[in-house]
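Reviewing the structure listed below.
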Protein chains: 2
Amino acid sequence: MLFASKTPTESEIVYLLKEHEINPTYQRVLIARLLFVGRTHVAAEDVFRAVNKDSPNVSKATVYNTLGLLAQKGVIREVIADPDRVFYDPNTSPHHHIYDEISGELTDIDAKEVSVTNLPALPDDVELQGVDIVIRVRRNRKK
Amino acid sequence: MLFASKTPTESEIVYLLKEHEINPTYQRVLIARLLFVGRTHVAAEDVFRAVNKDSPNVSKATVYNTLGLLAQKGVIREVIADPDRVFYDPNTSPHHHIYDEISGELTDIDAKEVSVTNLPALPDDVELQGVDIVIRVRRNRKK
DNA sequence: GCGGCGGTTTATACTTACTCTAAATGCTCT
DNA sequence: AGAGCATTTAGAGTAAGTATAAACCGCCGC
């Protein structure tokens with residue numbers, strides 16, 4: 001488990017950022033904390049709204065920059081499943097996703113539940129970044 | 001193999017569209033033919049440019065509508081792998097993709113080369129649309 | 001304290017992929 | 001011809017994300 005409690009303290013977040021060589025500024029801690037408290041898949045727009053709910057705290061540019069930085073440093077993970085927006089996932093352990101094409105909702109699947117075998121060998125100059133499995137689904141409206 | 005030759009004739013395309021309950025209009029045939037001649041992953045923008053290369057033939061709206069229609073009817077397949085644009089893939093046989101995060105390039109992998117097992121059972125009201133595997137990769141620039 | 005400096009944040013304008021709308025066009029049937 | 005329906009069109013609109021240039025912040029040497 002990444003944190004002792006489900007809702008990490010500010011200092012736990014500061015530590016997490018430092019661990020990943022990220023300077024823990026006010027805005028970055030605010031955003032990261034929000035991600036790890038909610039522990040859900042969020043889009044940049046969600047973060048922007050949540051972070052500025054009461055008073056204007058963080059600009060749009062900083063939200064995008066911070067999410068990009070966190071993803072690049074491996075603190076969170078980008079999920080490309082919705083053609084309209086990128087989701088960010090605080091769960092970086094190996095897992096995959098179910099994507100509801102109607103609602104846009106994303107759900108986790110533990111990597112243990114799915115196995116991928118026989119990945120093709122990659123050329124030397126090609127570095128594997130990750131394997132994403134998206135199970136696309138439509139939940140029928142109840143009749 | 002879908003077509004006898006690598007470059008399907010107009011009448012082969014017309015037949016393909018009719019088979020999928022698509023009224024084979026001038027624009028749709030033009031676009032579909034282009035897809036099946038190139039047989040590569042293309043974005044809507046590519047199609048728009050190619051189709052209007054010499055003279056203005058098809059409007060932007062029609063390009064998007066047609067690609068959407070072809071995908072919906074199963075003639076081609078949408079690939080969500082690049083956060084910036086949707087790709088369309090004329091190869092509808094079961095296969096997956098390697099996505100180069102640097103160049104944005106997509107490459108096919110035959111489904112036989114990868115196997116997914118233990119897909120989780122889905123609730124009754126949920127209909128499986130498909131399973132997409134994207135192998136994210138970075139090709140290092142040659143030193 | 002003060003000036004400078006790199007890193008960070010900001011407002012705002014911009015880009016880009018894609019969608020919407022309402023009018024025009026075309027096709028078919030009588 | 002003309003009614004009725006499907007299709008296409010130009011152009012405006014939307015929304016996610018990026019670029020830019022100025023302001024700000026923390027820190028270090030003086």
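All chains are named by letter (A, B, ...) in the order of the sequence lines, taking the proteins before the strands, and each is independently numbered beginning at 1.
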Contact class for B/Asp82 (heavy atom, under 4.0 Å): base, sugar-phosphate, or nothing?
nothing
Are A/Arg85 and A/Glu45 close enough that some pair of their side-chain heavy atoms sits under 4.5 Å apart?
no
Under the criterion side-chain contact (heavy atoms from CB on, under 4.5 Å), which of B/Asn65, B/Val47, B/Ile76 is the partner of B/Ile31?
B/Val47
Looking at A/Thr62, does any N or O in its side chain come under 4.0 Å of the phosphate oxygens OP1/OP2 on C/dT9?
no
Under 4.0 Å between a side-chain nitrogen and a carboxylate oxygen: does that hold for B/Arg138 and A/Glu127?
no
Using a cut-off of 4.0 Å between protein heavy atoms and nucleotide atoms, how would you tag nucleotides 11-21 of chain D 5' to 3' with B, S and -?
-B---SBBB--
Between B/Ile135 and B/Thr107, does a side-chain contact (heavy atoms from CB on, under 4.5 Å) hold up when you go through it step by step?
CA-CA 10 Å; B/Ile135 299 174; B/Thr107 319; over 6 Å; no
Compare side-chain N and O positions of A/Asn23 against OP1 and OP2 of C/dT8 and report whether any pair is under 4.0 Å apart.
yes
Five pairs per end, C1' atoms only: what is the angle between the end axes of the helix from C/dG1-D/dC30 to C/dT30-D/dA1, to 10 degrees?
10°
Could you check whether A/Asp108 and A/His41, counting side-chain N and O atoms only, form a donor-acceptor pair closer than 3.5 Å?
yes
Going by side-chain contact (heavy atoms from CB on, under 4.5 Å), A/Val79 matches just one of A/Asn91, A/Asp89, A/Val86, A/Asp132. Which one?
A/Asp89
side-chain contact (heavy atoms from CB on, under 4.5 Å) evaluation trace for B/Leu69 with B/Val75:
CA-CA 9 Å; B/Leu69 183 66; B/Val75 181; over 6 Å; no
With respect to the phosphate group of D/dT8, does any side-chain polar atom (N or O) of B/Thr25 fall under 4.0 Å of OP1 or OP2?
yes
Nearest heavy atoms of A/Ile80 and B/Pro83, plus distance in Å
CD1-CB, 3.8 Å
